Number of protein chains: 2
Amino acid sequence: MANNKDATCPIAATLAYISGRWKAAILHHLAAGTRRFGEIAVRMPPISKKVLTQQLKELERDGLIRRVQNPGAPMRVEYSLTDLGKSLSTVLKEMSDWGKANVLAKK
Amino acid sequence: MANNKDATCPIAATLAYISGRWKAAILHHLAAGTRRFGEIAVRMPPISKKVLTQQLKELERDGLIRRVQNPGAPMRVEYSLTDLGKSLSTVLKEMSDWGKANVLAKK
DNA sequence: CAGCATCCTATCGGATACTG
DNA sequence: CAGTATCCGATAGGATGCTG
């Protein structure tokens, strides 16, 4: 994928945050509310747990989502959008609209 | 990069069009007007000609840019945005603003 | 349940040299 | 000038199995 880690261009900087096989979908699901690890996994098959973990970690590292681990067994971890994550909604909405109108509509 | 070729999600569909190491920059330069191959290359070092060709081909295949080859030697090829490419400007502007405010500002 | 460890492959971006 | 043709290394994403 795009290696935009060294981004000096603001567009590329934004791309680096949201490009990733499942990140857009994760952000979209979390926009609806707090979700558990398993809930996210089941809504976007056939993602593997390893990859989901990776994407979640990157989103957390970038400050877009928050991870809350509840004590006790069985384990229970909840993910939700941070304010920064929520602030992306405008951008994601624009991208979604453009994609619907210009890509998905074509076929 | 993100493998969003099989995108069913409109956001991922849009991502598939603009994610790529240099695509955002290329689109940005072409937004200012028609540019020749060499002009684009010189404005974004140190891109290699092979990679630039690839990115331009993908952008053309996706209908975002237009390639016009003028007859005669030396060769002279001009690239410009199509209407579809121009229609992306809103999205790119949002991404640029968000990146400036939330990523580049942090350091 | 929510990971981590390991291994594997496809793809991407890049370096370099050659061509019409 | 504007590409092709090769070769290469890094890495993103995935399959599978184990663990607290």
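Predicted, not measured: the structure shown is a model, and the values here were computed from it. Chain letters run A, B, ... following the sequence lines, proteins first and then strands; every chain starts at 1. These values consider heavy atoms only, across backbone and side chains, with no hydrogens, waters or symmetry-generated copies.
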Engineer: Take atom NE2 of B:His28 as the centre, draw a 6.0 Å sphere, and report whether it contains more than 12 heavy atoms from other residues, nucleotides or ligands.
Structural biologist: no
Engineer: Separation of A:Leu59 atom CG from D:dA12 atom P, in whole Å?
Structural biologist: 14 Å
Engineer: Between C1' on C:dC1 and CZ on A:Arg76, what's the gap in Å once rounded to a whole number?
Structural biologist: 11 Å
Engineer: Nearest whole Å is fine: how far is D:dT4 P from B:Gln54 CD?
Structural biologist: 10 Å
Engineer: So, is A:Tyr79 near the phosphate of C:dC1, with a side-chain N or O under 4.0 Å from OP1 or OP2?
Structural biologist: no
Engineer: For B:Val51, which contact category applies under a 4.0 Å heavy-atom criterion: base, sugar-phosphate, or nothing?
Structural biologist: base
Engineer: Describe, as an angle rounded to 10 degrees, how the axis at the first end of the helix from C:dC1-D:dG20 to C:dG20-D:dC1 is tilted relative to the axis at the last end, five pairs per end.
Structural biologist: 50°
Engineer: Compare side-chain N and O positions of B:Arg21 against OP1 and OP2 of D:dA12 and report whether any pair is under 4.0 Å apart.
Structural biologist: no
Engineer: Mind calculating the distance between CH2 (B:Trp22) and C1' (C:dG13) to the nearest angstrom?
Structural biologist: 9 Å
Engineer: What's B:Gln55 touching, base or sugar-phosphate or nothing? Going by heavy atoms closer than 4.0 Å.
Structural biologist: sugar-phosphate
Engineer: Please list, chain by chain and in numerical order, all residues satisfying side chain to side chain donor-acceptor pair (under 3.5 Å) with B:Ser87, sequence neighbours excluded.
Structural biologist: A:Trp98
Engineer: Between A:Leu27 and A:Leu59, is there a side-chain heavy-atom distance shorter than 4.5 Å?
Structural biologist: yes
Engineer: Can you sort out which residues in residues 28-36 of chain A have a heavy atom within less than 4.0 Å of DNA chain C? Ascending by number, please.
Structural biologist: A:Arg36
Engineer: Go through it in stages, so that I can follow the logic: the residues are B:Leu56 and B:Phe37, the test is side-chain contact (heavy atoms from CB on, under 4.5 Å), and I'd like the CA-CA distance, side-chain angles, deciding distance and then a yes or no.
Structural biologist: CA-CA 9 Å; B:Leu56 288 169; B:Phe37 182 89; 3.8 Å; yes
Engineer: What nucleotide among D:dA2, D:dG13, C:dC1 has an atom nearest to a side-chain atom of B:Met75?
Structural biologist: D:dA2
Engineer: Can you see which heavy atom on B:Tyr17 is nearest to which on B:Lys23, and at what distance?
Structural biologist: O-CD, 3.5 Å
Engineer: Between B:Ser19 (side chain only) and B:Leu15 (backbone N and O only), is there a donor and an acceptor less than 3.5 Å apart?
Structural biologist: yes
Engineer: With the side chain counted from C-beta on, respond yes when A:Glu60 and A:Arg66 share a heavy-atom pair under 4.5 Å apart, and no when they do not.
Structural biologist: no
Engineer: Minimum heavy-atom separation for B:Val103 and A:Ala13, please, with both atom names.
Structural biologist: CG1-CB, 3.9 Å
Engineer: Locate the shortest heavy-atom distance separating A:Ile26 from A:Gln55; write the atom from each residue and the value.
Structural biologist: CD1-CB, 3.8 Å
Engineer: A:Thr14 side chain to A:Pro10 main-chain N or O, any donor-acceptor pair under 3.5 Å?
Structural biologist: yes
Engineer: Starting from C1' on D:dG13, measure out to CD1 on A:Ile26 and report it in whole angstrom.
Structural biologist: 13 Å
Engineer: What is the separation between atom CD on A:Glu78 and atom P on C:dG3, rounded to the nearest whole Å?
Structural biologist: 12 Å
Engineer: So which protein N/O to nucleotides 6-11 of chain D N/O distances come out below 3.5 Å?
Structural biologist:
none

Engineer: Check for a donor-acceptor pair, side chain of A:Gln54 on one end and backbone N or O of A:Val51 on the other, with a separation under 3.5 Å.
Structural biologist: no
Engineer: For a quick test of reading the model, state the closest non-hydrogen atom pair linking B:Thr34 to B:Ser80 and the distance between them.
Structural biologist: OG1-CB, 3.5 Å
Engineer: For the side chain of A:Thr53, starting at C-beta, report the closest nucleotide among C:dC4, C:dG14, D:dT4.
Structural biologist: C:dC4
Engineer: Would you kindly give the CG-to-P distance between B:Leu52 and C:dA15, to the nearest whole Å?
Structural biologist: 13 Å
Engineer: Go through residues 38-49 of chain A and report each residue with a non-hydrogen atom lying under 4.0 Å from DNA chain D, sorted by number.
Structural biologist: none
Engineer: Measure CZ/B:Phe37 against C1'/D:dC1 and give the value in whole Å, please.
Structural biologist: 9 Å
Engineer: Can you pull the salt bridge (charged side-chain N to carboxylate O under 4.0 Å, His left out) pairs that have at least one residue in residues 95-105 of chain A, sequence neighbours excluded?
Structural biologist: A:Lys93-A:Asp97
Engineer: If we ignore hydrogens and angles and just use 3.5 Å, is the side chain of A:Glu78 paired with the main-chain N or O of A:Arg35 as donor and acceptor?
Structural biologist: no
